[in-house]
Structures are given as C-alpha cells and as structure tokens.
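Beneath this line is the structure, given in structure tokens, with notes to follow.
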Amino acid sequence: MRLDKILADNTAFSRNDIKKLILKKCVEINGITAKKPNENAEFGDEIKIKGKTIPLREFIYCIVNKPKGVLSATKDGYYNTKTVLDIIPAEFKKKDSFPVGRLDKNTTGLLLVTNNGDLAHKLLSPKFHVKKTYTVTVDGTFDAVLAEEITEKFKNGVTLKDGTALKPAELKILSKHKAEITLTEGKFHQIKRMFGLFNLPVEELQRTSFGPLKLPKDLAEGQSRLLTDYELEKLKCTIENNK
Ligand code: URA
C-alpha cells in the first residue's frame, strides 16, 4: 500500500497533510526516513510521524480526561468551540473517531473516543446497562436526614420533573458537599436533574469510571492516551457478560 494512503487511513491527517509531513522528513518507516509519499508500506511496518509510532489498525480506542469547556462532540457543526477531538493527538484518532456518549460542556473526566461504532453502540445501549460513576459536588449540604432520603430515593429510581422514570442509581455520600453516583443510563443532564429534585444545584461533575474503565490517576485534564489491550479486553468482556 502507498505510505500516504496507509497513514491517511490510520490517522486524522489528510493525505495532503501526510504528503507535506513526508516531504518535511517527519515520517519514518522501520527507522528509515521516508522520502516520497508513494513509497511502499505494509501493516507490519513500524511507521512513525515526528518520532511517534502510528498504530496501524482498523479500530482505535482513546481514553481522554475531558477538561471543562470542551464539547464531547465531533467537529461537524461546532467550528467555534473546541471539541474533544481537537484535544486528542492525531495518532490517537482516525477520521471517523467520535466520543462514546456525551458529557456536558462543564463536566470533566473519563471519555472514550473510538471509531468502533458497533462497540460504542453497545456501551451506550440501555440493554447492556454499563455502569458510569461520577463524583458530584453540590451547592448545598447533605445533612444526615437528606443524605438518607436521597440515597433511598435514587436506589428505588426517581422520576424527573418532565415525567422521565429513571432506573435505580447508587449513591454514596462522601462528605457534606460531595457524593459518588453510579448510573446505568445516560439521559440528558441526568445527574443535574436528579439532584435538582432535591434543590441541590450541581457545582462540579467528574466522570471517574465507565464500565470497567477507571479514570487513570496519571492522566491530567486535557490529556489522552490509547486504551491498553487489557482495558479493551475488559470493555469487551463487560458487553459479553451483560448480554
Ligand atoms: N449527568 C449530567 O447532568 N451531566 C453530565 O455531563 C453527565 C451526566
């Protein structure tokens, strides 16, 4: 296969960008600087752009620690606001990569970005009830009575103001203003609306886990990395086991 094609297929760069990178001597095949875009390259080759190895595979899985102010959307239609795809390095995404589910603009934490539509669909489908855990900071206080009442109500499934009946959610109070909540569904502004039922505005929201994936402690906000093979295996097992 041509080098420019294999790289354009396996990164978010356009074929034109790749050609420029090759001509600027930024691309290596098996340790040798590539000279021309039409050089031959195979899937078994180690290809680097600016010293970074490009994974050559059909699907790519990237874990992002989403910062505030960034949209969990693809670029289409959002030319003036940064999306998670803008903050992911080219070698961790492909042209058809997209975020698996949505976090609000000011929610931080774990977001998976992949081009595997089938797996993404299953991870989000209510049929597979994949658990998502968040740390919530509220503008208000969980006194003992309120804490018990909310925990019990969430456990039994609350109904939102618009009549949406929610599935049971697990709540763990962490301090006067902080709690951990685990959901198996993802309705629009779900957590904000759940706490809104108890007049507790959500000040901060961070997703700390998604199925078996945990927000890595060493992944600062705005950073991303590829999923490890072990993490991917666990993700696939979750779908198998929840069938
Ligand atoms: N619930 C919310 O209210 N916001 C999020 O970003 C995720 C869950």
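In listed order, ligands and their atoms are each counted from 1.
- Glu91 and Thr11 share no side-chain donor-acceptor pair at under 3.5 Å.
- Legend: residues meeting ring pair (Phe, Tyr, Trp, His ring centres under 6.0 Å) with Phe188, ordered by chain and number and at least two apart, are absent.
- Enumerated by chain and number, the residues approaching ligand 1 to less than 4.0 Å through a heavy atom are Leu103, Asp104, Thr107, Tyr134, His189, Gln190, Ile191, Lys192, Leu205.
- Side-chain contact, Glu28 with Asn30: no donor N or O sits under 3.5 Å from an acceptor N or O.
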Review item, side-chain donor-acceptor pairs of residues 220-227, under 3.5 Å, at least two apart:
unit_1	atom_1	unit_2	atom_2	d
Gln223	OE1	Ala220	N	3.0
Arg225	NH1	Glu231	OE1	2.9
Arg225	NH2	Glu231	OE2	3.0

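- Side-chain contact of Asp162 with Thr164: a donor-acceptor pair under 3.5 Å is present, judged by distance alone.
- Applying the ring pair (Phe, Tyr, Trp, His ring centres under 6.0 Å) rule to Phe128 yields no partners; only residues at least two apart in sequence or on another chain are considered.
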